[in-house]
S.K.: 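Let me begin by handing over the structure; questions about it come next.
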Amino acid sequence: DVKVTQSSRYLVKRTGEKVFLECVQDMDHENMFWYRQDPGLGLRLIYFSYDVKMKEKGDIPEGYSVSREKKERFSLILESASTNQTSMYLCASSGSGIASYNEQFFGPGTRLTVL
Amino acid sequence: QKEVEQNSGPLSVPEGAIASLNCTYSDRVSQSFFWYRQYSGKSPELIMSIYSNGDKEDGRFTAQLNKASQYVSLLIRDSQPSDSATYLCAVNFLPGSARQLTFGSGTQLTVLP
């Protein structure tokens, strides 16, 4: 089974702090994604990566950056956390090639609260 | 118009009934279609994938795809209270990044004991 893990289930930070959210997958997937999910707004893509050191902006990249130094690990960075970044953050991964059909598998999520 | 649309519900069905969840998507080339189940406070879990027109069955779940009409549906037979969750429809559109999925906002299903 695909396993995607995230570094924290719950996180509380203060405005202005630098926040790191880490995601690790064990299926040798090429593609990794960061979403945020808010009530009434659904899942929104922040960034994704299709290879080591590669990244592409999603729909809402402002205020975030990412890092992918190793294939299995994808980090989301909030350079200066703000209260409007309070949300559930979800990491996902998918394989490439015709067999995968781009199925994405999600980690358990990190509920971040910025005070 | 959103690219992937779902009726937000809530949809309530009695235990043992068939729950029918629908999803329509925009007129773009699309490759693959997915249904995810999300319990409150948890992350989405992939339950069905479908790639070609017709029906695909997996246990109590049946996914139906009609590309001409641009809809995909999920039927849950013999619904159980444990099926109560939000169901997300996702579509892989082409062209653009072949790796991305576009998600609907979800349909909340409640199965009444």
Side-chain angles (χ1 to χ4, degrees), chain A residues 1-6 8-10 21 23 25 27 29-51 54-61 74 87-111, chain B residues 1-10 23-25 28-53 56 58 61 63 65 67 72 85-108:
Chain A
D1 283 349
V2 175
K3 191 166 184 185
V4 181
T5 58
Q6 295 183 229
S8 306
R9 287 286 284 125
Y10 300 93
L21 303 181
C23 175
Q25 50 93 6
M27 283 302 292
H29 280 169
E30 289 80 8
N31 310 306
M32 297 187 75
F33 307 82
W34 275 107
Y35 295 89
R36 62 178 286 177
Q37 188 175 34
D38 302 285
L41 297 176
L43 276 167
R44 294 182 290 169
L45 181 64
I46 304 171
Y47 268 98
F48 68 101
S49 167
Y50 53 88
D51 201 353
M54 305 301 288
K55 61 184 179 183
E56 286 196 25
K57 294 180 180 179
D59 300 318
I60 52 162
F74 191 34
S87 185
M88 170 72 101
Y89 289 88
L90 293 160
C91 175
S93 72
S94 70
S96 289
I98 199 70
S100 74
Y101 285 101
N102 298 304
E103 296 174 329
Q104 289 186 18
F105 299 91
F106 285 84
T110 296
R111 187 164 294 281
Chain B
Q1 183 187 1
K2 293 182 181 178
E3 292 200 293
V4 178
E5 296 214 52
Q6 297 180 250
N7 188 329
S8 62
C23 173
T24 58
Y25 57 93
R28 289 177 56 188
V29 176
S30 48
Q31 175 177 272
S32 45
F33 307 83
F34 307 95
W35 283 100
Y36 288 82
R37 177 177 62 199
Q38 187 173 23
Y39 292 115
S40 180
K42 304 294 186 182
S43 62
E45 173 193 8
L46 180 65
I47 56 172
M48 288 290 284
S49 308
I50 187 165
Y51 315 113
S52 53
N53 278 328
K56 179 183 177 183
D58 183 2
F61 298 102
L65 175 61
K67 288 190 175 184
V72 57
T86 296
Y87 289 80
L88 302 173
C89 171
V91 180
N92 174 218
F93 288 111
L94 300 172
S97 174
R99 302 164 183 89
Q100 289 188 56
L101 298 182
T102 302
F103 287 84
S105 56
T107 297
Q108 186 181 342

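For clarity, every value in this text was computed on a predicted model and none was experimentally measured. Lettering of chains follows the sequences in order, A, B, ..., and the numbering in each one begins at 1.
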S.K.: Quick check on the interface: out of B:Thr102, B:Leu46, B:Thr86, who has the most heavy-atom pairs with chain A under 4.5 Å?
M.R.: B:Leu46
S.K.: Closest heavy-atom contact between A:Tyr35 and B:Leu101?
M.R.: OH-O, 4.3 Å
S.K.: Assess whether atom NZ of B:Lys67 is packed by more than 12 heavy atoms of other residues, nucleotides or ligands within 6.0 Å.
M.R.: yes
S.K.: Of all the heavy-atom pairs spanning B:Pro44 and A:Phe106, show the shortest one and how long it is.
M.R.: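 Taking B:Pro44 first and A:Phe106 second, the nearest heavy atoms are O-CB, 3.5 Å.
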S.K.: Any luck finding a side-chain donor-acceptor pair between B:Gln38 and A:Gln37 under 3.5 Å?
M.R.: yes
S.K.: Might you point out which heavy atoms bring A:Glu103 and B:Ser49 nearest each other, and give the distance in Å?
M.R.: OE2-OG, 2.8 Å
S.K.: Within a strict 4.5 Å, meaning less than it, do heavy atoms of the A:Gln104 and B:Phe34 side chains meet?
M.R.: no
S.K.: Measure A:Leu45 against the heavy atoms of chain B and call it side chain, backbone, both or neither at under 4.5 Å.
M.R.: side chain
S.K.: Given heavy-atom pairs under 4.5 angstrom as the criterion, report whether the side chain, backbone, both or neither of A:Arg9 touches chain B.
M.R.: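 Side chain of A:Arg9 only, per the 4.5 Å heavy-atom cut-off to chain B.
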S.K.: Name the member of A:Pro108, A:Gly42, A:Gly58 that forms the most heavy-atom pairs with chain B at distances under 4.5 Å.
M.R.: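 Answer, by heavy-atom pair count under 4.5 Å with chain B: A:Pro108.
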S.K.: Taking all non-hydrogen atoms of both residues, which atom of B:Gln100 and which atom of A:Phe33 are closest, and how far apart?
M.R.: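 What the structure gives for the nearest pair is CA-CE2, 4.4 Å.
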